Amino acid sequence: MKFNLRISPLDLGQTLGCGQAFRWRPQSDGAWVGPLGNQLIRLKMKGQVLEVEAVPGGSGARQLVLNHLRADDDVRDIQRSLGRDPVLAPGVSQLKGLRIVKIDEWEALASFILATYANIPRIMKMVETLATKFGEPIAEGINSFPTLDMISEVRKSALESCGFGYRAKYLHEVSHKLDSEQIGELRTLSYSELRRKLIELPGVGEKVADCVSLFGFGKLEAFPIDVWMERAMARLYGQKGSYARLREFAQGRFGRYAGYAQEYIYHNERVRARNGVCAFTKN
DNA sequence: GCCCAGGAGTGTG
DNA sequence: CACACTCATGGG
């Protein structure tokens, strides 16, 4: 099944490339392939048009992609608003096709519990391991992300032999403390209420709660702060200190679109680091 | 081998 | 409130 969508602006690499979602893979022809729900999705830009291939396809495929790429976000307006910050403006102009992604709530929670204190290649590997071992096959070589119910039935020892380290225990505990109905209730909460509830879960601190709020529950005011963001905030804004302090600064400066601001800052910081490393290793 | 990673939990001052 | 320490492991 094949169809076209118009989602603008959109740069697949900027959006799917690193850090937000962990299961998209770039192809040599510029397309991106990954699972969405129980569909295998292939995305490719043809000029301004997004070409979508869905297997097995069906009536829900179009909505899956529109949801995932948050097609309703007025990204131009968000960029106009954030671009008024002179510090942020250059970063925004380099990432015009970046969109925040919407991930399934449970998938976001489980993924960012696994993501604690690991680098992105390893996170992608852990998420892939979870899908391979406990998800259901949806196409050759790709499994769906295992549901909360599926993970709750996995023996603790099985999770512990996945190479997740101390994260295995958290994943196991969370899968028993929550059911899918409770996740549905979380959807009705405001950001601050949701954040409080998420932090009550084992293995979920402020940073994971903010990632899950932003990418899983679509709370655009969330502003996750990891080690990269800490460095960037010190360098760009001279802001240092506790998570609470940095977060308060971000809320005041970026307001309801703090999540987008975070992505512009985060991506720029990583590009900076990558170019530094490349320049160094060439010599 | 070394350093670091989209941190969290717990204890202490 | 702020630090300090520990946790389990693998990518670069």
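Quantities reported herein were computed from a predicted structural model and do not represent experimental measurements.
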*Take A/P224 and A/P202, find for each the nucleotide of DNA chain B with the closest heavy atom, and name the residue whose nucleotide sits nearer the 5' end.*
A/P224
*Which whole-number value in Å describes the distance from A/K125 NZ to C/dT9 P?*
13 Å
*asked:* Using whole Å, what does the distance between atom C1' of nucleotide C/dA2 and atom CG of A/L246 come to?
replied: 14 Å
*Salt bridge or not for A/R253 and A/D85, using N-O below 4.0 Å?*
yes
*Are A/Y117 and B/dG7 stacked, counting the six-membered base ring, centres under 5.5 Å, planes under 30°?*
yes
*Within the structure shown, what part of the strands sits under 4.0 Å from A/Q20 by heavy-atom distance: base, sugar-phosphate, or nothing?*
base
_A/E160 CD - C/dA8 P separation (whole Å)_ = 10 Å
_Sub-6.0 Å ring centroid separation between A/H267 and A/W228_ = no
*So what does A/R167 hit on the nucleic acid, given a heavy-atom distance under 4.0 Å: a base, only sugar-phosphate, or nothing?*
base
*Base, sugar-phosphate alone, or nothing: which one does A/L114 contact when heavy atoms must sit under 4.0 Å apart?*
nothing
_For atom CD of A/E206 and atom P of C/dA2, their distance in whole Å_ = 10 Å
_Tell me whether the NZ or CZ atom of A/R187 lies within the 45° cone about the ring axis of A/F217 and under 6.0 Å from its centre._
no
*Rounded to whole angstrom units, what separation is found between the CG atom of A/D226 and the P atom of B/dA8?*
10 Å
*A/Y243 has an atom OH; how far is it from atom C1' of C/dC1, in whole Å?*
18 Å
*Measure the distance from CD1 on A/I113 to C1' on C/dA8 and round it to the nearest whole Å.*
16 Å
_Should the side chain of A/R122 and the base of C/dT9 be counted as holding a donor-acceptor pair, with the cut-off at 3.5 Å?_
yes
_Is any side-chain heavy atom of A/W106 closer than 4.5 Å to one of A/I151?_
yes
_Taking any heavy-atom pair under 4.0 Å as a contact, classify A/R231: base, sugar-phosphate, or nothing._
sugar-phosphate
*Quick one: label A/E269 by what it contacts on the DNA or RNA (base, sugar-phosphate, nothing), any heavy atom closer than 4.0 Å.*
nothing
_So does A/G57 get a backbone contact from the side chain of A/Q39, meaning a donor-acceptor N/O pair under 3.5 Å?_
yes
*Please work out if A/F22 contacts a base, only the sugar-phosphate, or nothing of the nucleic acid, heavy-atom cut-off 4.0 Å.*
nothing
*Using a 4.0 Å heavy-atom cut-off across all strands, classify A/G203 as base, sugar-phosphate, or nothing.*
sugar-phosphate
*Does B/dA8 have OP1 or OP2 sitting under 4.0 Å from an N or O in the side chain of A/T116?*
no
_Any base atoms under 4.0 Å from A/P121, or only sugar-phosphate, or nothing? Heavy atoms, all strands._
sugar-phosphate
*Specify the residue among A/I199 and A/N119 whose closest nucleotide of DNA chain B lies further upstream toward the 5′ end.*
A/N119
*With rounding to the nearest 0.5 Å, note down the distance linking CZ in A/F164 to OH in A/Y170.*
15.0 Å
*Taking atom P in both C/dG10 and B/dG9, compute the distance separating them and give it to the nearest angstrom.*
22 Å
*Donor-acceptor pair (no angle test) under 3.5 Å: A/Y170 side chain, B/dG9 base*: no
*Take atom CE of A/M124 and atom C1' of C/dT9, then tell me their distance rounded to the nearest Å.*
18 Å
